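We use all heavy atoms of the structure for the numbers below, so side chains are in, but hydrogens, waters and symmetry mates are not. Bear in mind the structure is a predicted one, so any value in this text is a computation, not a measurement.
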Amino acid sequence: MLQRDSAPRLRGLSDRHTGVLLVIPGLAMFLAIILYPFISAIFMSFTDRSLMRPTYEVVGLANYAKVLSDPYFGQTVLTTAAFVLLSTALPFLLGLIWAIVLNQGFRGSEFLRGVTLVNWIIPGTAIGFLWTWIFNGQYGILNALIEACGGEGQTWLGQTETG
C-alpha cells in the first residue's frame, strides 16, 4: 500500500481546496492594500477631486489632456525615469555584484561580509540605545519632560505590573 508524504488534510478537503484556502488571506491583503488604492487612484484621475472640498465632478480625459499639453511633461517623465533607475536599479545591481564577489570565497571574504553587515546592525543598535535613554527611569528625557510639567517620573522599562 502506498503512503502519501503530504501534510494532513484539513477536515477532508482536497489538496487543491486546502491550497485555495491558504491563498485567500494573502489575496485579501493584496486586494485591500494594493489593488483597492490603485483602482481608486485611477478613478480619481478622471475627476476634479480636491482635498479642500468633498464634492467632485467626473471630467473624463481632461486631466490627461492637461498633463500631456504641459510643456514640461516630457522633461518630467525623463527626470522621473532617471530617478527611478538610479535609486532602484543601480543599488540593486551594485548589491548583486557585491554579493557575487563576496560569495567567491577568496582570502578575506569573511571579513568583508562582516564589514558589510555592520551597515545593517549599527542603525538598529543605535535606535535601541536611544529609546533606552529616552525611557530611562533616572535620567531619561521622557521623565524630564513629565517632571517639567509637574508630573512624577516612572521607571518605564522596569515595571513588572505593565508587562
Side-chain angles (χ1 to χ4, degrees), residues 7 9-103 113 115-137 140-154 156-157 159 162-163:
R9 293 185 178 175
L10 296 174
R11 297 188 184 199
L13 293 175
S14 69
D15 287 344
R16 182 180 177 142
H17 289 111
T18 302
V20 169
L21 285 176
L22 293 173
V23 167
I24 288 175
L27 187 59
M29 292 299 290
F30 170 77
L31 292 174
I33 295 173
I34 304 289
L35 195 59
Y36 172 74
F38 178 73
I39 292 172
S40 178
I42 290 174
F43 172 75
M44 279 192 276
S45 74
F46 293 106
T47 67
D48 67 346
R49 183 171 287 181
S50 169
L51 295 176
M52 302 303 283
R53 60 182 196 280
T55 61
Y56 63 91
E57 291 182 30
V58 176
V59 294
L61 296 174
N63 290 335
Y64 291 98
K66 184 178 177 182
V67 167
L68 292 173
S69 66
D70 188 332
Y72 298 109
F73 177 71
Q75 183 60 41
T76 303
V77 169
L78 290 176
T79 302
T80 302
F83 174 76
V84 168
L85 182 70
L86 292 174
S87 67
T88 58
L90 186 62
F92 173 78
L93 184 63
L94 292 175
L96 180 64
I97 291 169
W98 187 243
I100 291 170
V101 167
L102 290 180
N103 199 33
R113 285 183 197 152
V115 170
T116 301
L117 289 176
V118 167
N119 293 325
W120 293 329
I121 295 169
I122 286 180
T125 306
I127 289 169
F129 277 119
L130 286 174
W131 281 108
T132 301
W133 290 335
I134 289 170
F135 287 117
N136 188 292
I141 190 149
L142 183 60
N143 277 346
L145 290 172
I146 291 173
E147 290 168 3
C149 294
E152 187 177 328
Q154 302 180 35
W156 298 97
L157 301 176
Q159 294 179 2
T162 59

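To the nearest 0.5 angstrom, Asn143 atom CG is 10.0 Å from Phe135 atom CZ. In this structure, CG on Leu13 lies 5.0 Å from OG1 on Thr18, to the nearest 0.5 angstrom. Atom CG of Leu21 is separated from atom CZ of Arg16 by 12.5 Å, given to the nearest 0.5 angstrom. Here CG of Leu35 is found 5.0 Å from CZ of Phe30. Values are rounded to the nearest 0.5 Å. Taken from NZ in Lys66 to CG in Asp70, the straight-line distance is 9.0 Å, to the nearest 0.5 Å. Between the CG atom of Leu130 and the OG1 atom of Thr125 there is a distance of 11.0 Å, given to the nearest 0.5 Å.
Partner of Asp48 under the side chain to side chain contact (heavy atoms under 4.5 Å, CB included) criterion, out of Val59, Asn63, Thr55: Val59 alone.
By the side chain to side chain contact (heavy atoms under 4.5 Å, CB included) test, Tyr64 pairs with Ser45, Phe46, Leu61, sequence neighbours left out. In this view, Leu117 and Trp120, Ile121 satisfy the side chain to side chain contact (heavy atoms under 4.5 Å, CB included) rule, not counting sequence neighbours.
Pairing each heavy atom of Pro37 with each of Ala32, the nearest pair is CD-O, 3.7 Å.
Within the structure, side-chain hydrogen bond (donor to acceptor under 3.5 Å, both in side chains) contacts touching residues 81-99 (residues at least two apart or in different chains) are Trp98-Thr116.
Heavy-atom neighbours of Ile146 CD1 from other residues, nucleotides or ligands within 6.0 Å: above the threshold of 12.
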